[in-house]
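Presented below is the structure to which this report refers.
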Amino acid sequence: MTTPDTPAPADFIRAIVAQDLRTNKHGGRVHTRFPPEPNGYLHIGHAKSMCLNFGIANEHEGGLCNLRFDDTNPSTEDVEYVEAVKSDVRWLGFDWGDRLFYASDYFEQLYQYAVQLIKKGKAYVDSLSAEEIRDYRGTLTKPGKESPYRTRSVEDNLDLFQRMRTGEFEDGAHVLRAKINMASPNINLRDPTLYRIRRVAHHRTGDKWCIYPTYDYAHPLSDSIEGITHSLCTLEFEDHRPLYDWVLDETEVECHPQQIEFARLNLSHTMMSKRKLLELVEQGHVTGWDDPRLPTLMGLRRRGYTPAAIRNFCDHIGVAKRDAVVEMALLEHFIREDLNRRAPRVMAVLRPLRVVIDNYPEAQVEKLEAVNNPEDPTMGTRKVPFSRVVYIEQEDFREDPPSKFFRLAPGREVRLRYAYIIKCVGVVKDERTGEVVELHCTYDPETRSGSSQAGRKVKSTVHWVSAAHALQAEVRLYDSLLLQANPSETPEDQDYRASLNPNSLQTLTACRVEPSLASAAPGSRYQFERLGYFCVDAVDSSPHVLVFNRTVPLRDTWAKIEKAQQGR
RNA sequence: UGGGGGAUCGUCUAGUGGUAGGACUCCAGACUCUGGAUCUGGGUACCUAGGUUCGAAUCCUAGUCCCCCAGCCA
């Protein structure tokens with residue numbers, strides 16, 4: 001190996017890992033894990049965690065990252081979620097190899113460790129009710145009281161715990177608690193619960209168990225069992241770390257991973273909390289967990305986001321300890337960057353305005369050559385049919401053009417992309433509404449794209465589709481889910497719906513797209529020239545009814561100019 | 001008012017005693033058969049107040065503000 005010119009560690013966690021490697025803290029190993037709970041779907045916040053955990057593992061020779069389901073609470077978990085999570089992790093591009101684990105794999109070991117703790121006098125069976133335990137815990141400022149059951153003998157504890165396991169007691173009758181310190185200023189250390197009775201079937205262990213370990217107990221031991229070196233989690237677990245360490249110290253396991261906390265991802269204009277997401281889905285504010293407006297991985301995928309764009313985003317937002325809200329604009333930057341490079345260009349008209357080219361031969365059809373991707377010549381060209389009647393975008397015509405508006409207007413010229421320069425010679429309006437319903441234009445036969453006279457300059461180029469050849473399509477335009485940028489400013493009560501953007505979805509059903517899209521595969525992504533990036537909706541699109549989702553619009557300079565003009 | 005964390009451009013994020021850097025956003029311009037892309041240029045930041053030092057975002061002192069914790073959730 002050549003001498004690496006050690007680049008500065010990208011973040012404080014990588015710095016710690018590098019330091020640990022230097023000091024040989026874990027015998028030169030780097031082993032992380034991604035530990036989702038199978039009680040919901042993954043979102044982009046999880047993507048950050050995956051990029052961190054899998055990323056760090058991949059950056060080191062021999063580094064590993066496990067996928068482990070933290071399935072210690074059967075009442076909220078389900079196989080449906082584990083399958084969805086696996087598919088999302090794979091889709092994002094991460095590979096856990098043969099290291100797919102479940103905390104439930106360790107239930108027997110965890111139980112034995114608990115017996116050990118009891119024998120050491122470090123755990124006891126408490127028979128207080130949940131409510132009493134809460135009362136005994138004290139408050140943030142007042143120390144707790146010890147439970148009367150705290151002094152039970154080891155024999156009694158062993159007996160009771162064993163009988164808890166065999167199902168002798170009802171839910172809540174007893175609980176196994178760590179014996180730490182009821183007066184600790186850290187509430188997590190006031191004899192935290194290790195096991196609770198839950199007489200429900202577990203999605204993996206079935207009816208084998210009726211006691212289940214808590215996160216605080218199962219997580220450190222699961223990490224240890226798997227030989228994890230760095231256990232990365234979010235900030236809210238910071239004051240659980242003493243407990244994490246306590247469990248590993250008292251069980252005297254050989255591997256003691258280091259828990260390191262980082263700030264979870266918050267994205268502007270959207271929400272990341274499982275609870276709120278669930279509410280949106282259940283109350284029908286969105287169509288499901290894969291609604292393209294949601295920051296779920298399923299939603300982003302359906303929206304047209306690529307795994308690479310999401311990974312790039314996660315790699316660029318950084319990892320730190322301060323609460324932060326990353327702007328949606330940054331995510332959009334990365335999807336534009338990726339799709340600009342890869343997406344074939346195509347012409348589509350969202351709000352069609354009929355244009356008759358008066359001097360173009362009635363029956364003539366030309367096949368004009370169009371470049372598939374100017375960023376990538378290897379993507380080749382295609383033929384686009386052109387004829388006497390075309391549709392252009394309504395917003396590309398103004399009867400009374402404001403300054404800086406370069407598009408079509410009465411008497412003005414514009415180029416039809418890959419076709420001819422046309423001039424607007426007539427405007428047909430609806431008599432009743434005054435709405436412009438049709439344009440009459442003439443074309444200059446000398447200006448066909450690629451021809452010798454094609455060099456004539458016009459202010460603007462406009463996309464179009466041939467009326468006779470275009471395909472009908474539905475296009476769904478998405479906008480941000482929340483009105484305000486900072487999701488933490490949305491009210492906690494049910495009135496948070498007031499902050500939902502009522503225009504987060506706009507469905508256009510009269511769109512016309514070029515005929516080459518007839519064979520577009522579900523999920524495939526395109527740039528609709530001058531409009532944005534769109535993908536074929538994988539759920540609702542069919543050969544008969546094409547449905548496109550707008551992933552992200554193109555940057556729109558004219559929109560900014562116009563907005564500035566109006567602001568004046 | 002217990003404990004644990006955190007404060008650097010508009011937004012993220014580097015910088016660990018020596019010119020506060022990058023990305024995104026924004027602004028201006030060039031180029032353009034996408035008002036896209038690309039290119040060029042520009043602006044804006046060290047929570048406050050003291051102190052140490054030739055020199056402080058960094059060290060010290062005192063404040064201020066923000067986040068998390070009282071599940072048998074994770």
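Predicted model only: the values in this text are computed from it and were never measured.
In this pair, A/Phe237 and A/His240 present their aromatic rings perpendicular. The plane angle is above 60°, beyond the 30 to 60° band. In this structure, A/Phe386 and A/Trp464 have perpendicular ring planes: the angle between them is above 60°, well past the 30° mark. The aromatic rings of A/His46 and A/Phe34 lie perpendicular to each other, with more than 60° between the two planes, well past the 30° mark.
No hydrogens or angles were tested; on distance alone, nothing pairs the side chain of A/Asn186 with the base of B/G4 as donor and acceptor under 3.5 Å. One cannot find a donor-acceptor pair under 3.5 Å joining the base of B/G4 and the side-chain atoms of A/Glu261. Evaluation of atom-type donor-acceptor distances gives no pair under 3.5 Å for the side chain of A/Arg530 against the base of B/G35. No hydrogens or angles were tested; on distance alone, nothing pairs the side chain of A/Glu375 with the base of B/U38 as donor and acceptor under 3.5 Å.
Taking every heavy atom of both residues into account, A/Gly167 and A/Arg199 meet most closely at O-NH1, 2.8 Å.
Both cation-pi conditions hold for A/Arg204 and A/Tyr102: the charged atom is under 6.0 angstrom from the six-membered ring centre and inside a 45 degree cone around its axis. A cation-pi arrangement is not found for A/Arg407 relative to A/Phe397, the charged atom failing to lie both closer than 6.0 Å to the ring centre and inside a 45° cone about the ring normal.
Checking B/C24, B/U34, B/G35 against every side-chain atom of A/Glu529, the shortest atom distance belongs to B/U34. The listed nucleotides are B/C24, B/A74, B/G4; the one nearest the side chain of A/Tyr215 is B/A74. With B/U25, B/G2, B/G35 as the candidates, the nucleotide lying closest to the side chain of A/Thr141 is B/G2.
Here A/Gln527 lies in heavy-atom contact (under 4.0 Å) with a base. Among the heavy atoms of the strands lying under 4.0 Å from A/Glu238 are primed sugar atoms or P, OP1, OP2 only; no base atom is included. Counting any heavy atom pair closer than 4.0 Å across all strands shown, A/Phe313 reaches no nucleic acid atom. Using a 4.0 Å heavy-atom distance criterion, A/His240 is classed as a base contact. Across all strands, A/Val319 comes closer than 4.0 Å only to sugar-phosphate atoms, never to a base (heavy-atom distances). Counting non-hydrogen atoms under 4.0 angstrom, A/Arg345 reaches a base of the nucleic acid. If you check every strand for non-hydrogen atoms under 4.0 Å, A/Thr72 touches sugar and phosphate atoms only. Residue A/Tyr212 is out of contact with every strand shown, counting any heavy-atom pair closer than 4.0 Å. Counting any heavy atom pair closer than 4.0 Å across all strands shown, A/Pro143 reaches no nucleic acid atom. Nucleic acid contact for A/Lys560: sugar-phosphate only, since backbone atoms but no base atoms lie under 4.0 Å from a heavy atom of the residue.
Under the Watson-Crick or G-U wobble criterion, with both distances below 3.5 Å, B/A74 is left unpaired in every strand shown. The pairing partner recorded for B/A57 is none, the criterion being a Watson-Crick or G-U wobble arrangement whose two distances lie under 3.5 angstrom. In this structure B/G17 sits in no base pair that meets the Watson-Crick or G-U test at under 3.5 Å. Judged by Watson-Crick or G-U wobble contacts below 3.5 Å, the nucleotide B/A62 has B/U48 as its partner. With a cut-off of 3.5 Å on both Watson-Crick or G-U wobble distances, the partner of B/C9 is given as none. Using N1 to N3 plus N6-O4 or O6-N4 for Watson-Crick, or N1-O2 and O6-N3 for G-U wobble, each under 3.5 Å, B/A28 pairs with B/U40.
Partners of A/Arg345 by salt bridge (charged side-chain N to carboxylate O under 4.0 Å, His left out), not counting sequence neighbours: none found.
Separating the P atom of B/A45 from that of B/U8 is a span of 14 Å, rounded to the nearest Å. Nucleotides B/C24 and B/A62 have their P atoms positioned 42 Å apart, rounded to a whole Å. Of the P atoms belonging to B/C69 and B/U19, the separation is 41 Å, rounded to the nearest Å. Rounded to whole Å, the separation between the P atoms of B/G15 and B/C68 comes to 26 Å. The separation of B/G36 from B/C27, taken at their P atoms, amounts to 12 Å, rounded to a whole angstrom. Comparing the P positions of B/U16 and B/G21 gives an interatomic distance of 14 Å, to the nearest angstrom. On the P atoms, B/G41 is 12 Å away from B/G22, given to the nearest whole Å. Rounded to whole Å, the C1' atom of B/U44 lies 16 Å from the corresponding atom of B/U13.
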Could you list all N or O pairs between the protein and nucleotides 8-12 of chain B that sit under 3.5 Å apart?
{"from": "B/U8", "atom 1": "OP2", "to": "A/Arg322", "atom 2": "NH1", "distance (Å)": "2.6"}
{"from": "B/U8", "atom 1": "O4", "to": "A/Arg322", "atom 2": "NH2", "distance (Å)": "3.1"}
{"from": "B/G10", "atom 1": "N2", "to": "A/Glu327", "atom 2": "OE1", "distance (Å)": "3.0"}
{"from": "B/U11", "atom 1": "O4'", "to": "A/Glu327", "atom 2": "OE2", "distance (Å)": "3.0"}
{"from": "B/U11", "atom 1": "O3'", "to": "A/Val325", "atom 2": "O", "distance (Å)": "3.2"}
{"from": "B/U11", "atom 1": "O2'", "to": "A/Val325", "atom 2": "O", "distance (Å)": "3.0"}
{"from": "B/C12", "atom 1": "OP1", "to": "A/Val325", "atom 2": "N", "distance (Å)": "3.0"}
{"from": "B/C12", "atom 1": "O5'", "to": "A/Val325", "atom 2": "O", "distance (Å)": "3.2"}
{"from": "B/C12", "atom 1": "O2'", "to": "A/Ile317", "atom 2": "O", "distance (Å)": "2.7"}

Between the protein and nucleotides 70-72 of chain B, which nitrogen or oxygen pairs are less than 3.5 angstrom apart?
{"from": "B/A70", "atom 1": "O3'", "to": "A/Arg137", "atom 2": "NH2", "distance (Å)": "3.4"}
{"from": "B/A70", "atom 1": "O2'", "to": "A/Arg137", "atom 2": "NE", "distance (Å)": "3.0"}
{"from": "B/G71", "atom 1": "OP2", "to": "A/Arg137", "atom 2": "NH2", "distance (Å)": "2.8"}
{"from": "B/C72", "atom 1": "OP1", "to": "A/Arg137", "atom 2": "NH2", "distance (Å)": "3.3"}
{"from": "B/C72", "atom 1": "OP2", "to": "A/Arg137", "atom 2": "NH1", "distance (Å)": "3.3"}
{"from": "B/C72", "atom 1": "O3'", "to": "A/Arg196", "atom 2": "NE", "distance (Å)": "3.4"}
{"from": "B/C72", "atom 1": "N4", "to": "A/Leu128", "atom 2": "O", "distance (Å)": "3.3"}
{"from": "B/C72", "atom 1": "N4", "to": "A/Ala130", "atom 2": "N", "distance (Å)": "3.0"}
{"from": "B/C72", "atom 1": "N4", "to": "A/Gly172", "atom 2": "O", "distance (Å)": "3.2"}

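With respect to the salt-bridge test (charged N to carboxylate O, under 4.0 angstrom), the residues A/Lys321 and A/Glu261 qualify. Between A/Glu446 and A/Arg456 no salt bridge is recorded (no basic side-chain N to carboxylate O distance below 4.0 Å). Taking the charged nitrogens against the carboxylate oxygens, A/Arg241 and A/Asp245 have no contact shorter than 4.0 Å, which rules out a salt bridge.
Along RNA chain B, the nucleotide nearest to A/Lys321 and the one nearest to A/Asn39 differ in position, and the one closer to the 5' end is contacted by A/Lys321. Nearest-nucleotide positions on RNA chain B for A/Asp70 and A/Asp556 put A/Asp556 closer to the 5' end.
Side-chain atoms of A/Asp223 never come within 3.5 Å of backbone atoms of A/Ser231 as a donor-acceptor pair (strictly under, hydrogens ignored).
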Could you give me the CA-CA distance, side-chain angles and deciding distance for A/Val346 and A/Leu517, then say whether side-chain contact (heavy atoms from CB on, under 4.5 Å) is met?
-> CA-CA 8 Å; A/Val346 103; A/Leu517 252 11; 3.6 Å; yes

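As rounded to whole Å, 11 Å separates atom P of B/U38 from atom CZ of A/Arg341. Distance CZ (A/Arg264) to P (B/G6): 17 Å, rounded to an integer number of Å. The separation between A/Ile260 atom CD1 and B/G5 atom C1' is 15 Å, rounded to whole Å.
Taking the side chain as every heavy atom from C-beta outward, A/Lys459 and A/Val414 never approach each other to under 4.5 Å.
The phosphate of B/U34 (OP1 or OP2) has no side-chain N or O of A/Ser460 nearer than 4.0 angstrom. Dashed line: the shortest gap from a side-chain N or O of A/Arg241 to OP1 or OP2 of B/G4 is not under 4.0 Å.
Syn is the classification of B/G71, since its glycosidic angle stays within 90° of 0.
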